[in-house]
Amino acid sequence: MDIASAVVGTMGNNAYLLTDAGKGLLIDAADDPVALLALIGDTPLTAIVTTHRHQDHLRALAAVAAHTGARLIAGEPDADAIESATGVTIGQRVWDGDTLRVGNTELAVVGLVGHTPGSIGLIHTPDEGPAHVFSGDSLFPGGVGKTHTPDEFTSLYEGVTTKLFDQLPDDTVIHPGHGDPTTLGHERPQLDAWRERGW
């Protein structure tokens, strides 16, 4: 599987194009449909995954969906809000234990509640080389995503810890919704500090 990306919009959102066996999957049609369609190029786009309901992650969703005809996928608890905000129909609602495919590559879905009720991450575990996590706004270099209450922080921290850090090796690459990639190994020593500070 190949990974390409573009930074779009005033908030510097990362959009990721995953391609395998001539098929493509886009993660977060965040903004700037012209740039995203240039990223996609001639690749047949089979799906667009929206990692969560926040507006900066879906501004180009309707336009890119209309142009490509791709199937639209989102976390079950956020799907209604995404539909209301964009006018699109989420054709596949996913959560923990579900899998998606792009070409011959399988991606595992994990629900990471806290930044929003229906935030999801996608995990690719190849036969060789490091795993890759597309974490949306749930995990960044230096901390978990923004939360507004202690309960939301606890939920997101525990989700990231048990579903990512406890399950995947240190060389796993994290591709966040904004900013640069990192690895679980680089972030792991900070977990106790994140819990202590509460954000």
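The chain is numbered in sequence order, starting from 1.
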Q: S119 and T116: side-chain hydrogen bond (donor to acceptor under 3.5 Å, both in side chains), yes or no, with the steps?
A: CA-CA 5 Å; S119 293; T116 69; 2.7 Å; yes

Q: Quick check for you: to the nearest 0.5 Å, what is the distance between T182 atom OG1 and H186 atom NE2?
A: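 That separation rounds to 5.0 Å.
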
Q: Closest approach of L17 and I40, non-hydrogen atoms and distance?
A: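 L17 and I40 have their closest heavy atoms at CD2-CA, 3.9 Å.
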
Q: Is atom CH2 of W199 surrounded by more than 12 heavy atoms (other residues, nucleotides or ligands) closer than 6.0 Å?
A: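 Incorrect, the count does not exceed 12.
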
Q: With distance as the sole criterion, is a donor-acceptor pair present between the side chains of N14 and S5 under 3.5 Å?
A: no

Q: For G24, is there any backbone N or O sitting under 3.5 Å from a side-chain donor or acceptor partner on T46?
A: yes

Q: Heavy atoms, side chains only, cut-off 4.5 Å: are L156 and S138 in contact?
A: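 With C-beta onward as the side chain, the pair touches.
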
Q: Using the side-chain contact (heavy atoms from CB on, under 4.5 Å) rule, take L107 and T99 through it: C-alpha gap first, then chi angles, then the decisive distance, then the call.
A: CA-CA 5 Å; L107 303 164; T99 57; over 6 Å; no

Q: Would you call K146 and D137 a salt bridge, using N to O less than 4.0 angstrom?
A: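 No, this pair does not count.
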
Q: When you compare the side chain of Q92 with that of L72, does any pair of heavy atoms fall below 4.5 Å?
A: no

Q: I'd like to know if R93 and D98 make a salt bridge, using a cut-off of under 4.0 Å between side-chain N and carboxylate O.
A: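 The answer is no: the pair does not qualify as a salt bridge.
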
Q: Between L164 and I123, is any pair of side-chain heavy atoms under 4.5 Å apart?
A: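 Side chain of L164 against side chain of I123, heavy atoms only: contact under 4.5 Å found.
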
Q: Indicate, with yes or no, if L58 and I27 share a hydrophobic cluster defined by side-chain heavy-atom contacts under 4.5 Å among Ile, Leu, Val, Met, Phe, Trp and Tyr.
A: no

Q: Can you give me the closest heavy-atom contact between P181 and H175, atom names plus distance?
A: CB-ND1, 4.5 Å

Q: Is there a path of hydrophobic side-chain contacts, each under 4.5 Å between heavy atoms, that joins V88 and V64?
A: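 Per the 4.5 Å side-chain linkage, V88 and V64 are co-clustered.
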
Q: side-chain contact (heavy atoms from CB on, under 4.5 Å), that's the test. Do L61 and T50 meet it? Break it down for me.
A: CA-CA 8 Å; L61 180 58; T50 302; 3.7 Å; yes

Q: Ring centroid separation for H178 and H57, is it under 6.0 angstrom?
A: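 For H178 and H57, the ring centres are under 6.0 Å apart.
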
Q: Please report the interatomic distance CE(M11) to CG(D31), rounded to the nearest 0.5 Å.
A: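 Separation between the atoms: 10.5 Å.
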
Q: Quick check: does any side chain N or O of S84 sit under 3.5 Å from a backbone N or O of D80, one acting as donor and the other as acceptor?
A: yes

Q: Look at the rings of F134 and H132 and say which category their plane angle falls in: under 30° parallel, 30 to 60° tilted, over 60° perpendicular.
A: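 Ring orientation, 0 to 90° scale: parallel.
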
Q: Check G118 against D78 and note the closest heavy-atom contact, atom names and distance.
A: N-OD1, 2.9 Å

Q: To the nearest 0.5 Å, what is the distance between OG1 (T19) and CG (D2)?
A: 4.0 Å

Q: Given D166 and T161, is the side-chain contact (heavy atoms from CB on, under 4.5 Å) satisfied, shown in steps?
A: CA-CA 6 Å; D166 289 353; T161 300; 4.0 Å; yes

Q: Could you state the interatomic distance from CG (D28) to OG1 (T51), rounded to the nearest 0.5 Å?
A: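 Answer for the CG-OG1 pair, D28 versus T51, is 3.5 Å.
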
Q: Is the CE atom of M1 crowded by more than 12 outside heavy atoms at less than 6.0 Å?
A: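 Yes.
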
Q: Between E83 and R53, is the closest basic N to carboxylate O distance under 4.0 Å?
A: no

Q: Atom CG in L122, atom OH in Y16: separation rounded to 0.5 Å?
A: 11.5 Å

Q: With a 4.5 Å heavy-atom cut-off, do F165 and D170 have their side chains touching?
A: no

Q: Which pair of heavy atoms, one from Y157 and one from V144, lies closest together, and at what distance?
A: CA-CG1, 4.4 Å

Q: Measure the CG-CG distance between L37 and L45 for me, rounded to the nearest 0.5 Å.
A: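 Interatomic distance, L37 CG to L45 CG, rounded to 0.5 Å: 9.0 Å.
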
Q: Are L18 and I48 grouped together when hydrophobic residues (ILVMFWY) are joined by side-chain heavy atoms under 4.5 angstrom apart?
A: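 No; tracing contacts between hydrophobic side chains, which count when under 4.5 Å, never links both residues.
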
Q: Looking at A4 and L39, what are the two nearest heavy atoms and their distance?
A: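 Minimum heavy-atom contact is CB-CD1, 4.0 Å.
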
Q: Check D171 against T183 and note the closest heavy-atom contact, atom names and distance.
A: O-CG2, 4.4 Å

Q: Are I120 and I174 co-members of a hydrophobic cluster defined by side-chain heavy atoms under 4.5 Å apart?
A: no

Q: Without swapping roles, check the side chain of N104 against the backbone of D20 for a donor-acceptor pair under 3.5 Å.
A: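 Side chain of N104 to backbone of D20, a donor-acceptor pair under 3.5 Å: no, none is there.
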
Q: Does any non-hydrogen side-chain atom of V113 lie less than 4.5 Å from one of W95?
A: yes

Q: Applying side-chain contact (heavy atoms from CB on, under 4.5 Å), run through V49 and L25 and close with a yes or a no.
A: CA-CA 7 Å; V49 177; L25 178 148; 4.0 Å; yes

Q: Give a yes or no answer on whether the side chain of T172 reaches the backbone of L168 with a donor-acceptor pair at less than 3.5 Å.
A: no

Q: With a 4.5 Å cut-off on side-chain heavy atoms, are K23 and R101 touching?
A: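 Counting from C-beta outward, R101 and K23 never come under 4.5 Å.
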
Q: So do V7 and N13 actually touch side chain to side chain, heavy atoms under 4.5 Å?
A: no

Q: Can you find a heavy atom in the side chain of L100 that is under 4.5 Å from one in the side chain of I73?
A: yes

Q: Tell me if a side-chain donor or acceptor on W194 pairs with a main-chain N or O of G142 at a distance below 3.5 Å.
A: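 Flag set: sc W194 to bb G142 pair under 3.5 Å.
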
Q: Using a 3.5 Å distance criterion without hydrogens, assess whether the side chain of K163 forms a donor-acceptor pair with backbone atoms of G111.
A: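 Yes, the answer is positive, given that a donor and an acceptor are paired below the 3.5 Å cut-off.
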
